There are 2 protein chains.
Amino acid sequence: MAEVVEFADLEVLPLDALAPRERILKTASDLFYRFSVHSVGIDRIIAESGVAKMTFYKHFPSKANLVATYLRHKSAVWFQMLETATQQPGLTAQERILAIFDALDGPFRSPAFRGCPFVKGLAEFGPEADTPDVQATITAYFEGLRELVASLVEPLALPKPERAVIQILSLIQGSIVMAQASRDPLLAEANREAARLLIEGAVGTGASHR
Amino acid sequence: MAEVVEFADLEVLPLDALAPRERILKTASDLFYRFSVHSVGIDRIIAESGVAKMTFYKHFPSKANLVATYLRHKSAVWFQMLETATQQPGLTAQERILAIFDALDGPFRSPAFRGCPFVKGLAEFGPEADTPDVQATITAYFEGLRELVASLVEPLALPKPERAVIQILSLIQGSIVMAQASRDPLLAEANREAARLLIEGAVGTGASHR
DNA sequence: GCAAAGACAGACAGATCTGTCTATATCGCC
DNA sequence: GGCGATATAGACAGATCTGTCTGTCTTTGC
């Protein structure tokens, strides 16, 4: 919870108006996301955030700690966006799920879009890496997303809810990967439609909903 | 075409029976896939492949060249598997598409499975990296997959084939990401079913096929 | 059996990485 | 206005990275 507050306003303020810790985190976040974690050294983060090395190590005891903090930040922002989108009042249960794809459309069109930080994290810090903090953060993200989708699928009372959860999750992650690889403007809409068909098709095989 | 031949038998022979070039490539391939490219240094590849440093640099002028070769290898093996699966005689056009998900089920269950090398490649060598060979190989992979799926969708004569291609591609990539993140044994089957529903649902909206 | 080509072992250079340390400057607060 | 906390600048250590170079050994073809 302090986790969320500490990142407040990170997106809007100019860099030099931020306190050192936030300046470091924002700089690192941008660089890690654009170039990958292993491609960006501490020295570069320090130089671009205009901070002294000792200041950096006072706030972040190690690079791994900074990476974990970066991922927690991305996770918090992303889940907040998802919850805003899916919890809008007046939506049916089905519309809440489809709202995820509507929320993806904007990011997909941004030139700064570089895919999912956690898929990238999995690529750089797989199961054999020795950075438990980082891996735990990545695992928590995927688990959190699964729980969110499961909570949205449950009110539909589908005959095989866990299958629908897998399908929706695959569509979400797949569309993010494809957006990164191809930048097709139809992506979000096509996958929204796919999700709709899946839900309605599953409903057809025998269950009440609303 | 020489590209494919040069990797022949790389998967089966014991390491020390291979010629130096193949030994290097197999060692690098395993290490890159398990630990990520940036986490594995040339020295480690040389040590584990039991080769001299000069021998390495004779066969691969740089690490980037080795990485590109590694990705071309993975691409060739993967497309060969896909073509074997989808071109089986006696399959309908729809079954050819679903055969992709059947082909994925085996790899998903392998403990050595670590996701898609090209998604991981995109994570480590994004658009701002200065390794054109590597990036071109990654781009070619995604383009090749798109073309393969498009060629399988086309005979279905769907009303919106490009939309179906996007949806199928997203399901494929999404299931690969999810398999890496969660290892749910239902993944391939659930997404196969999703693809089937999508195709049949799209057909329903007005077109002949077979 | 011998010459030529290729592989081996390992030192070396130069860059870069994470993390530590010292010494100086600046800022907030009473 | 002065004090304590915090930030700055930058040298430094030790490890590790890619790529080069020098020799010696092994294999292979004739």
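Numbered from 1 within each chain, the chains take letters A, B, ... in sequence-line order. These numbers come from a predicted model, not from an experiment.
Protein atom CE of A:M54 is 10 Å distant from nucleotide atom C1' of C:dG19, rounded to whole Å. When rounded to the nearest whole Å, the span between CD1 of A:I24 and C1' of D:dT6 equals 12 Å. The distance from atom CD1 of B:I46 to atom P of D:dC17 is 11 Å, rounded to the nearest whole Å. Look at CZ on B:F35: it is 13 Å from P on D:dC17, rounded to the nearest Å. As rounded to whole Å, 8 Å separates atom C1' of D:dC17 from atom NZ of B:K63. The distance from atom OH of B:Y57 to atom P of C:dC12 is 18 Å, rounded to the nearest whole Å. Remark: C1' of C:dT16 and NE2 of B:H38 are 14 Å apart, rounded to the nearest angstrom. When the P atom of D:dA5 is taken as reference, atom NZ of A:K58 falls 10 Å away, rounded to whole Å.
In this structure, A:H59 reaches the sugar-phosphate backbone alone: every heavy-atom distance under 4.0 Å involves primed, P, OP1 or OP2 atoms, never a base.
Considering only side-chain N and O atoms, B:R23 lies under 4.0 angstrom from the phosphate OP1 or OP2 of C:dC8.
B:F101 places none of its side-chain heavy atoms less than 4.5 Å from the side chain of B:L187. Looking at A:F108 and A:L186, their side chains never come closer than 4.5 Å, going by heavy atoms from C-beta outward. At a threshold of 4.5 Å between non-hydrogen side-chain atoms, the residues B:S182 and A:I166 do not count as touching. Inter-residue side-chain proximity for B:Y70 and B:H73 is flagged as unmet; no heavy-atom pair is nearer than 4.5 Å. For the pair A:L169 and A:F142, the minimum side-chain heavy-atom distance is 4.5 Å or more.
Of the charged side-chain nitrogens involved, at least one lies within less than 4.0 Å of a carboxylate oxygen, so that A:E128 and B:R114 count as a salt-bridged pair.
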### Message
Under the criterion salt bridge (Lys or Arg N to Asp or Glu O under 4.0 Å), I'd like the reasoning laid out for A:R192 against A:E189: C-alpha separation, chi angles, the key distance, then a yes or no.
### Response
CA-CA 5 Å; A:R192 186 195 136 103; A:E189 203 273 340; 6.0 Å; no
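Side-chain atoms of A:S62 lie closest to C:dG19 of the nucleotides C:dG19, C:dC8, C:dT18. Considering only the side chain of B:P20, C:dA7 comes nearest among C:dA7, D:dT20, C:dT20. Comparing C:dC8, D:dT18, D:dT8 by their closest approach to the side chain of B:V51 singles out C:dC8.
Annotation: the terminal axes of the helix from C:dG1-D:dC30 to C:dC30-D:dG1 meet at 20°, where each axis is the rotation carrying the C1' atoms of four end pairs onto the next four (5 pairs per end, rounded to 10°).
Looking at B:K53, its side chain has no donor and acceptor atom pair within 3.5 Å of the base of C:dG10.
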